[in-house]
Each structure stands twice: as C-alpha cells, then as structure tokens.
Enquirer: 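Here it is: the structure, laid out below.
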Amino acid sequence: MTQEDFNNISTQIEGFVYDLIDKASFDLRAKVEQIDESTILVSFEGFDLPLLLGHNAELLDALQYISRRAFADAVADGLQIDFDAGGYRNQRRQELELMAQKAADRVRLSKSSFTFDPMNAQDRRIIHLALMEERGVRTESEGDGPLRRVKVLPA
Amino acid sequence: MKELVELIARALVDRPEAVRAQEHEGSQATVVELRVADGDLGKVIGKQGRTARAIRTILGASGSKQKKRVVLEIVE
C-alpha cells in the first residue's frame, strides 16, 4: 500500500467512525492515527466509555469488527485496524496473562485440565502465547464460533 | 436506528444502493427490518452470524442510550 492509499483509507475510516458515533448517538470522541506503516489506531474517549468497555468491551470489539469488514479489501492488503479506549487492550492483556498463570498453577497442582469461559480470538491468542513456554502444561482451543474456549491441560 | 443500520449495511455490501431499512415502533421494542441485494446477505450476516451479531451489539448499545430495546431483522 502506498502512503497515498494509506492516507486515503485513514481518512475514510475516520469518516466512517465519526458517522457511526453520530448516528448511534454515542457520547464519544474518536482519534484516528497511523501508528506504523500498516496500522491504523482508532482510540475513543468520552462519557460513554463504560458503555464501550462493558461486557469485556463487547461494543468496542463490535465497532472494530464492523470497521475491519467495511474495509476488508485494505485489510486483505495487510492493513491492520485496531480500536482501543482508555488503555483497555493493554490492561486486558495483563489481566489475561495473570489468569493464564493462575490456570497453569492450578493444572500443575491438580493434574487435571482447566477450561476458560468462551473468549474471542484475540483474547485466546494472548492465553496461548502466555503459556507457550510454561513447563508442565499445554493449551488447546475447543468449541465453535462465539463458544470457542481455551483449555489448559497437563503436558 | 434506521439510519445507523443503513450506514453499517452500506459499508459492508457490494450494492449499497439496494440497502433499505424500515423502522417499526412496537410496544416492547423498536424493530428495524433490513433488506439488501440477494447476493449481499452473507455480507451483513457473516460467518456463523458474526457480522449480524456485531450490528446487533451496536444497535443495542445505541438503543440503551434512549432506554429502548432494538431488534434487528434481516429480511431474506
């Protein structure tokens, strides 16, 4: 993607997100930034952050998903579109890494498997990566679609 | 609600000009009926209904701001 294409798509995403906020009457402000040569970060602030981040950021993820689908051609060309608000992604990663660690301790101690609640692909990936080098346990995913969940087993 | 659904649907489909949404005010909920070109149904429903679910999440959140329950019906 050329810089010109990138600027272009960035402007289009900005317009789309502003329209979404407006038509949905969300009390949110969005900032759209190019954070590296292939990543656009959309970050939100405002009164409706609790609405955006409630239920494990269901609304933030829905907006991100719809935007990725709306710009599917650019995404297929390697564009990354990430939505975040109030440091949520980073905080969520730390929380998941802690949960992964606790699950690993529990599985090693009990020698029986532990299954997490269903999570999206992004969250499952963080759990898998966190336990990749962990001794005595291994991870797999089971179930389909929105019910897919990570299982931690004794290695 | 109708405009929100049309905005999202037009961004997803190949034939945005065929997107139509109608809004009905029920006693329990607002029902939004979405119609798209036949070939675009998959674009608004998505794999395992994931796109439709995301649209419903956005509609639900928007409705909750006005203390309204919103139901999306994708007309096939």
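Quick note on labels: first sequence line is chain A, next is B, and so on, each numbered from 1. All figures in this text were calculated on a predicted structure; none of them were measured in a lab.
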Enquirer: Do the side chains of A/V17 and A/L41 join up, straight or via other hydrophobic residues, at under 4.5 Å, putting them in one cluster?
Expert: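 Hydrophobic grouping puts A/V17 apart from A/L41.
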Enquirer: Check whether B/I8 and A/V32 end up in the same hydrophobic cluster, where Ile, Leu, Val, Met, Phe, Trp and Tyr are linked by side-chain heavy atoms less than 4.5 Å apart.
Expert: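 Looking at the clustering, A/V32 is in the same group as B/I8.
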Enquirer: So between chain B and chain A, what donor-acceptor pairs come in under 3.5 Å?
Expert:
{"from": "B/S62", "atom 1": "OG", "to": "A/A24", "atom 2": "O", "distance (Å)": "2.8"}
{"from": "B/K65", "atom 1": "NZ", "to": "A/D48", "atom 2": "OD1", "distance (Å)": "3.1"}
{"from": "B/K65", "atom 1": "NZ", "to": "A/D48", "atom 2": "OD2", "distance (Å)": "2.7"}

Enquirer: If every non-hydrogen atom of A/A62 is compared with every non-hydrogen atom of B/A54, which pair is closest and at what distance?
Expert: CB-O, 3.6 Å
Enquirer: With hydrophobic residues grouped by side-chain heavy-atom distances under 4.5 Å, do B/V31 and B/V5 end up in a single group?
Expert: no
Enquirer: If I compare all heavy atoms of A/L51 with all of B/A61, which pair ends up nearest, and what's the gap?
Expert: CD2-O, 3.9 Å
Enquirer: Does any backbone or side-chain atom of B/I55 lie under 4.5 Å from a heavy atom of chain A? Answer side chain, backbone, both or neither.
Expert: both
Enquirer: In terms of hydrophobic clusters joined by side-chain contacts under 4.5 Å, are A/V75 and A/M1 together?
Expert: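 Yes; A/M1 is reachable from A/V75 via cluster members.
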Enquirer: Share the residues that join A/F116 in a hydrophobic cluster, the rule being Ile, Leu, Val, Met, Phe, Trp or Tyr side chains under 4.5 Å apart at the heavy-atom level.
Expert: A/L96, A/M99, A/V107, A/F114, A/M119, A/I126, A/I127, A/L131, A/V137, A/V150, A/V152
Enquirer: Please report the interatomic distance CG(A/L63) to CD1(B/I58), rounded to the nearest 0.5 Å.
Expert: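 That separation rounds to 4.5 Å.
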Enquirer: A/I35 and A/I9: same hydrophobic cluster, using ILVMFWY side-chain contacts below 4.5 Å?
Expert: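 Shared cluster, no.
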Enquirer: Which pair of heavy atoms, one from B/L12 and one from A/A70, lies closest together, and at what distance?
Expert: CD2-N, 3.8 Å
